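The next block holds one structure in the form of structure tokens; read it before the comments.
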2 protein chains.
Amino acid sequence: MNGDIRRNMALFPIGIVMKLTDLTARQIRYYEQHELIVPARTNGNQRLFSFNDVERLLEIKNLIEKGVNIAGIKQVLPSVSQSSEEATYMNEQSEVARREMSVKDLRRMLKRQLLEKRPGQVTLNQGDLSRFFQ
Amino acid sequence: MNGDIRRNMALFPIGIVMKLTDLTARQIRYYEQHELIVPARTNGNQRLFSFNDVERLLEIKNLIEKGVNIAGIKQVLPSVSQSSEEATYMNEQSEVARREMSVKDLRRMLKRQLLEKRPGQVTLNQGDLSRFFQ
DNA sequence: ACTTCATGTCAAGAAAGGTGACATCAAATT
DNA sequence: AATTTGATGTCACCTTTCTTGACATGAAGT
């Protein structure tokens with residue numbers, strides 16, 4: 001949608017996303033169950049979230065806090081983007097991996113940037129991710 | 001919004017609207033209480049609904065049936081139009097009343113057109129009102 | 001006069017949302 | 001290889017909100 005492929009790269013396991021969004025794994029899986037979000041999966045079936053996924057989760061959190069129920073969120077948020085469905089699960093064999101930085105390195109770097117700078121509460125707000133894509 | 005002043009004319013008391021929308025008075029007042037709709041009032045404080053109000057109620061009904069709660073409807077539907085707030089309560093003294101047809105006559109006519117043609121179920125659906133404004 | 005409408009309140013059922021806690025097994029990381 | 005992290009599933013539970021029905025009383029409309 002954006003043209004920026006990084007936004008759709010499936011990078012984060014659920015543990016990271018928990019910390020980024022301050023949602024419990026229970027909640028995140030609950031929202032997936034109700035089709036508010038469709039994260040990619042690794043070959044081993046573990047969820048991997050993209051930046052877009054994380055932003056969507058932040059929007060969901062936002063609406064929930066406004067009292068909007070699941071059905072309402074489905075009306076408000078654009079239906080689950082096919083971009084998630086065809087999300088790029090970047091493994092070491094992918095074409096992108098052949099460039100300067102491996103996915104592993106990218107994830108490590110982002111993990112540091114996103115989490116380690118803020119001890120204690122690391123909750124992001126909507127828009128906080130945008131600075132990574134200026 | 002439309003330029004068609006008739007869409008904002010406060011014409012129908014709650015009883016008519018009940019039949020048009022198949023909502024109970026309870027429900028309609030409930031939606032007003034929660035600021036989903038702001039009908040005009042007569043001098044005697046009774047609600048008077050415009051065509052726009054009725055259409056809005058049909059949309060609300062639609063969303064309710066999809067399971068969207070009040071908070072969600074507020075997100076989905078454009079916030080209550082100021083057109084309702086400054087809704088034209090047409091009484092016999094108003095300028096429009098000086099034209100061919102009095103408001104009383106108009107209401108009688110519409111009542112017949114909208115209700116008497118369909119015995120039993122007279123529930124309208126979204127868009128049904130549009131034929132009055134072609 | 002008769003019908004319709006307004007406001008307010010009690011009640012209550014139903015669903016929805018959200019969580020916690022386990023248990024078991026598989027995947028990933030180091 | 002060992003440790004951590006994640007997946008699925010389930011039972012249970014609580015709390016809240018929604019949403020509506022049903023009355024009662026008094027005023028407005030026709």
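Here is the naming used below: chain letters follow the sequence lines, and residue numbers restart at 1 for every chain. This one's a predicted model, so the numbers in the text were calculated from it and none came from an experiment.
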Rounded to the nearest Å, what distance is computed from the [atom1] atom of residue [X] to the [atom2] atom of nucleotide [N]?
X       : N      : atom1 : atom2 : result
A:Ile70 : D:dC18 : CD1   : C1'   : 15 Å
A:His34 : C:dA16 : NE2   : P     : 9 Å
B:Ile73 : D:dC18 : CD1   : C1'   : 11 Å
A:Leu48 : C:dA28 : CG    : C1'   : 11 Å
A:Arg47 : C:dA26 : CZ    : P     : 17 Å
B:Leu36 : D:dC18 : CG    : P     : 11 Å
A:Glu65 : D:dT16 : CD    : P     : 17 Å
B:Lys61 : D:dT20 : NZ    : P     : 11 Å

Report summary line: Taking for B:Gln33 and for A:Gly44 the nucleotide of DNA chain C with the nearest heavy atom, the one nearer the 5' end belongs to B:Gln33
Requested in this report: Check whether any side-chain N or O of A:Thr24 sits under 4.0 Å from OP1 or OP2 of C:dG18, and answer yes or no.
Outcome: no
Query - Presence of B:Thr42 side-chain N/O under 4.0 Å of D:dG29 phosphate oxygens OP1/OP2 - result: yes
[X] side chain to [Y] main-chain N or O, any donor-acceptor pair under 3.5 Å?
X       : Y       : result
B:Arg56 : B:Val38 : no
B:Asn62 : B:Glu59 : no
A:Lys61 : A:Thr21 : yes

Report summary line: The answer to which of B:Asn45 and B:Ala71 contacts DNA chain D further toward the 5' end, by nearest nucleotide, is B:Ala71
Query raised in the report: Of A:Phe49 and B:Asn69, whose nearest nucleotide on DNA chain D comes first from the 5' end?
Result: A:Phe49
Query raised in the report: If you take all heavy atoms of B:Lys74 and B:His34, which pair is closest and at what distance?
Result: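 That would be CE-O, 3.1 Å.
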Mind checking whether [X] and [Y] have side chains closer than 4.5 Å, heavy atoms only?
X       : Y       : answer
B:Leu77 : B:Leu63 : yes
A:Pro39 : A:Glu32 : yes
A:Arg29 : A:Gln33 : no

Query raised in the report: In residues 25-32 of chain B, which ones come under 4.0 Å of DNA chain D, going by heavy atoms?
Result: B:Arg26, B:Gln27, B:Tyr30, B:Tyr31
